[in-house]
Amino acid sequence: MGLEETISANIKKAQNLREQGIEPYPIRTPETRAIAEVKTRFEENPLDDVVGVAGRLTGRRAHGKVAFGDIQDETGKIQLFMRSQEIGPEGMDLFNGLDLGDWVWARGPVVRTRRGEISVDVRELVLLSKSLRPFPDKWKGIADPEIRYRQRYVDLMVNPSVKQVFRKRATVIDSLRELLQQRGFLEVETPALQPLYGGAAARPFVTHHHVLDSTLYLRIALELHLKRLLVGGLRRVFEIGKCFRNEGMDRLHNPEFTLLEAYEAFSDSEGMMSLTEDLIRAAALAACGRLDIEYQGTPIDLGAQFECLSMIPTLSERLSLDPMTAPLDDLAHACHVRGVEEIPEKADRTWFIDRLFSVAVEPELVQPTFVTGHPLDMSPLAKSGEDDPERASRFELFVAGRELVNGYSELNDPVKQRERLLRQRRNETFEEHLVDEDFLRALEYGMPPAGGLGLGVDRLVMLLTDQQSIQDVILFPQMRPEAEKAKGDVPLVGIDASALVPIHVDQMRRA
RNA sequence: GGGGGCGUAGCUCAGUUGGCAGAGCAGCAGACUUUUAAUCUGACGGUCGCAGGUUCGAUUCCUGCCGCCCUCACCA
């Protein structure tokens with residue numbers, strides 16, 4: 001039977017049940033216990049406990065007058081033991097008419113079958129929700145990454161490890177939030193829709209507000225609003241939120257991603273480095289229960305003192321030339337040697353340093369490593385360092401060859417800030433990037449000296465769940481829209497299309 | 001955007017050096033009173049991603065397109 005036939009056959013099954021007085025999509029679920037809890041309780045104390053459980057049917061083994069089924073809820077799986085003598089022929093018929101994927105509720109004493117499987121000896125069976133689509137292969141599950149990402153619900157129902165990843169994701173975020181709150185950071189929410197974007201160099205998503213008749217952008221970073229709050233007198237603030245960058249997608253980049261940014265008045269880059277270590281360790285302990293973890297087969301020790309490298313001397317040593325003084329031709333040559341094919345017209349010293357560092361040094365920063373002392377014009381929102389005015393008081397944390405955290409002593413001199421933003425603006429290649437005058441106005445009221453950090457939450461989750469693609473830690477990663485005639489899609493089977501009244505766009509808007 | 005790989009039944013995958021399209025699971029019909037990837041019997045299920053081209057004949061070869069994955073580029 002093909003897909004369409006299967007679906008219409010299942011719609012018919014549901015109709016038949018209705019005719020027999022069985023509602024295939026009832027409102028109420030009788031009292032239900034978590035499957036994992038039922039099993040552990042039985043193991044501790046195998047009383048003849050009668051329980052109600054609810055879950056999705058994931059397996060069925062029928063033997064005539066006896067049958068077995070597996071149901072699965074979020075906590076685990078338990079076997080249903082169906083006996084004609086207990087539940088009657090109608091009960092057996094109902095059970096045998098179920099499809100894998102159906103949600104059911106069952107009640108009965110918990111028992112152990114002859115083969116030792118903890119089971120519910122079913123005395124009452126209720127269909128909770130009829131599934132119309134065929135259930136994926138019970139043994140192999142879903143392997144096609146396209147289905148896994150586009151139809152995460154299917155991935156989740158058959159691939160148990162996926163659920164684990166997203167549980168850990170929640171644990172990681174909880175632990176970050178908890179630690180910051182313990183330290184007196186106030187969690188805030190700032191606008192995601194903004195008339196101006198800033199705080200990073202990235203191309204924004206652009207949208208339009210009808211009533212205001214104005215262009216709005218989705219934020220590319222949280223920074224500029226959080227700093228306004230420091231101006232307002234909030235001493236410690238943080239936000240965990242989605243940011244949006246209209247750039248390429250790959251295993252480390254999704255157009256929308258989750259950023260944690262935290263700002264602390266009277267702190268600085270060094271204070272933020274220490275906070276970074278604490279955050280990473282708290283998250284690791286919460287998610288993995290340990291600090292010595294493994295990522296893609298490589299042991300990573302988050303417990304040891306994080307190494308600290310100065311960007312320019314490290315690069316200089318690696319290239320055997322001083323990137324701050326060497327002729328640009330030499331830097332271009334170094335790029336070619338390392339397989340960097342294209343060098344843009346606009347490439348200046350900063351570009352070369354950034355690029356060379358990322359190809360020559362970053363991949364080797366496997367153990368947690370702070371990189372400090374970035375060139376100042378790579379860091380327009382950071383203060384310059386005390387020793388060298390051309391270097392920023394800034395750090396980036398790399399783990400497993402990737403940037404995880406970026407932080408600095410926040411620039412609070414409004415005059416310098418304006419200068420640096422204007423200089424930055426001249427370098428912009430894409431659209432006109434307006435300077436955020438309100439941000440500068442805020443600084444002009446006086447922002448206390450402060451440290452700030454930004455942490456890529458998705459990447460941290462990747463590290464702690466040992467996933468190699470950002471798509472594996474985002475429930476619904478961005479994909480190209482499905483074609484009109486989508487894979488596995490079928491027309492409205494079993495539905496009288498004439499009953500569907502078209503709705504006007506105007507009406508939808510009002511709704 | 002460049003390069004590489006992949007796309008076959010609802011799912012997981014074989015296969016065709018160009019000649020009637022295959023399996024397991026699921027689904028359908030039946031048998032079965034302790035199974036757990038149950039077993040057994042039977043029938044069904046395909047626009048071989050889409051569109052062109054070459055050919056007596058294309059799922060197979062060629063071109064273009066679509067989608068996914070990898071990689072490079074872009075990306076503070």
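Sequence lines set the chain letters: A, B, ... in the order given, protein chains first and strands last, and positions in each chain run from 1. Fair warning: this is a prediction, and the values are worked out from it, not measured in the lab.
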Would you mind writing out the side-chain donor-acceptor pairs for residues 239-246 of chain A within the sub-3.5 Å range, not counting sequence neighbours?
residue, atom, partner, partner atom, Å
A:Glu239, OE1, A:Thr190, N, 3.3
A:Glu239, OE1, A:Thr190, OG1, 2.6
A:Glu239, OE2, A:Thr190, N, 3.0
A:Glu239, OE2, A:Thr190, OG1, 3.4
A:Glu239, OE2, A:Arg219, NH1, 2.9
A:Lys242, NZ, A:Glu256, OE1, 2.8
A:Arg245, NE, A:Ile220, O, 3.0
A:Arg245, NH2, A:Ile220, O, 2.9
A:Asn246, ND2, A:Pro204, O, 3.4

#### Entry: Value in whole Å for how far the C1' atom of B:A26 lies from CZ of A:Arg56
15 Å
Show me, pair by pair, the donor-acceptor contacts under 3.5 angstrom made by side chains of residues 86-97 of chain A, not counting sequence neighbours?
residue, atom, partner, partner atom, Å
A:Glu86, OE1, A:Arg123, NE, 3.4
A:Asn96, ND2, A:Met92, O, 3.1

### Message
Classify A:Glu86 by what it touches in the nucleic acid, base, sugar-phosphate, or nothing, heavy-atom distance under 4.0 Å.
### Response
nothing
## Note on the structure
Against the side chain of A:Glu403, the closest entry in B:C11, B:A76, B:G27 is B:A76
### Message
Please determine whether any donor N or O and acceptor N or O are separated by less than 3.5 Å between the side chain of A:Ser84 and the base of B:U33.
### Response
no
### Query
So which nucleotide from B:C69, B:U35, B:U33 ends up closest to the side chain of A:Gln85?
B:U33
#### Entry: A:Lys138 vs B:A26: side-chain N/O to OP1/OP2 distance below 4.0 Å
yes
### Query
When we call it a touch if two heavy atoms are under 4.0 Å apart, what does A:His374 touch: a base, just sugar-phosphate, or nothing?
nothing
### Message
At 4.0 Å (heavy atoms only), tell me whether A:Arg115 reaches a base, stays on the sugar-phosphate, or touches nothing.
### Response
base
### Query
Of the candidate nucleotides B:A76, B:U35, B:G67, which contains the atom at the shortest distance from the side chain of A:His63?
B:U35
### Query
Looking only at atom P, what distance separates B:G15 and B:A23, rounded to whole Å?
15 Å
### Query
Taking the side chain of A:Asp137 as its heavy atoms from C-beta onward, which of B:C25, B:A37, B:C70 lies nearest to it?
B:C25
### Message
Under the side-chain hydrogen bond (donor to acceptor under 3.5 Å, both in side chains) definition, can you give me all pairs with a residue in residues 62-71 of chain A, not counting sequence neighbours?
### Response
A:Arg61-A:Asp70
### Message
So, applying side-chain hydrogen bond (donor to acceptor under 3.5 Å, both in side chains) with A:Arg394, which one of A:Ser379, A:Ser269, A:Ser409 is it?
### Response
A:Ser379
List, with names and distances, any nitrogen or oxygen atoms from the protein found under 3.5 Å away from nitrogen or oxygen atoms belonging to nucleotides 2-6 of chain B.
none

### Message
Measuring from the side chain of A:Arg60 (C-beta onward, heavy atoms only), which nucleotide among B:U12, B:G27, B:C68 has the closest atom?
### Response
B:G27
### Message
With a cut-off of less than 4.0 Å, is there a side-chain N or O of A:Arg114 near OP1 or OP2 of B:U35?
### Response
no
### Query
Looking at A:Val371 and A:His374, what are the two nearest heavy atoms and their distance?
O-CE1, 3.3 Å
### Message
Of the options B:C68, B:G27, B:G45, whose atoms approach the side-chain atoms of A:Glu5 most closely?
### Response
B:G45
### Query
Checking all strands, does A:Gly59 fall into the base, sugar-phosphate, or nothing category for heavy-atom contacts under 4.0 angstrom?
nothing
### Task
Under 4.0 Å between any heavy atoms, over every strand shown, what does A:Asn10 touch: base, sugar-phosphate, or nothing? Just pick one.
nothing
### Message
Mind checking if A:Lys140 touches a base, just sugar-phosphate, or nothing, with heavy atoms under 4.0 Å?
### Response
sugar-phosphate
### Query
Does the gap between the ring centers of A:Phe68 and A:Phe81 come in under 6.0 Å?
yes
### Message
Tell me whether A:Thr75 contacts the main-chain N or O of A:Ala36 through its side chain, where contact means a donor paired with an acceptor under 3.5 Å.
### Response
yes
#### Entry: Donor-acceptor contact present, side-chain A:Asp466 to main-chain A:Gln296, <3.5 Å
yes
### Message
If you take any heavy atom closer than 4.0 Å to RNA chain B, which residues from residues 68-79 of chain A end up in contact?
### Response
A:Phe68, A:Gln79
### Task
Using a strict 4.0 Å threshold on nitrogen-to-oxygen distance, state whether A:Arg402 and A:Glu362 make a salt bridge.
no
### Message
Measure CZ/A:Arg150 against C1'/B:C69 and give the value in whole Å, please.
### Response
13 Å
### Message
Would the distance check show the side chain of A:Asn159 and the main-chain N or O of A:Ile142 forming a donor-acceptor pair, the cut-off being under 3.5 Å?
### Response
yes
### Query
Distance check: side-chain N/O of A:Arg355 vs OP1/OP2 of B:C74, anything under 4.0 Å?
yes
### Message
B:U33, OP1 or OP2 - any side-chain N/O from A:Arg83 closer than 4.0 Å?
### Response
no
### Task
May I ask you to decide whether A:Asp137 forms a salt bridge with A:Lys140, counting only side-chain N to carboxylate O separations under 4.0 Å?
no
### Message
For the backbone of A:Gly101 and the side chain of A:Arg56, can you confirm whether one donor and one acceptor N or O come within less than 3.5 Å of each other?
### Response
yes
### Nearest to side-chain heavy atoms of A:Ala62, which nucleotide of B:A76, B:C32, B:C25
B:C32
### Task
Answer yes or no: does a side-chain N or O of A:Gln468 lie under 4.0 Å from OP1 or OP2 of B:C70?
no
### Message
Measuring from the side chain of A:Glu146 (C-beta onward, heavy atoms only), which nucleotide among B:C11, B:C68, B:U35 has the closest atom?
### Response
B:C68
### Task
Please determine if a side-chain N or O atom of A:Lys13 lies less than 4.0 Å away from the OP1 or OP2 oxygen of B:C28.
yes
### Query
Out of B:U12, B:A76, B:G27, which nucleotide sits closest to the side chain of A:Thr6?
B:G27
### Message
Tell me whether the side-chain N/O atoms of A:Arg245 come closer than 4.0 Å to OP1 or OP2 in B:C75.
### Response
no
### Message
For a quick test of reading the model, state the closest non-hydrogen atom pair linking A:Ile312 to A:Pro375 and the distance between them.
### Response
CD1-CG, 4.1 Å
### Query
With respect to the side chain of A:Tyr149, which nucleotide from B:C69, B:U36, B:C74 is positioned closest?
B:C69
## Note on the structure
Secondary structure of RNA chain B per the Watson-Crick/G-U criterion (both distances under 3.5 Å; [ ] crossing, | other strand, . unpaired) is (((((((..((((.....[..))))..((((.......))))......(((((..]....))))))))))))....
### Query
Are the side chains of A:Val337 and A:His333 in touch, meaning some heavy atoms are under 4.5 Å apart?
yes
### Message
Can you see if the side chain of A:Arg61 gets near the phosphate of B:U36 - specifically, an N or O under 4.0 Å from OP1 or OP2?
### Response
no
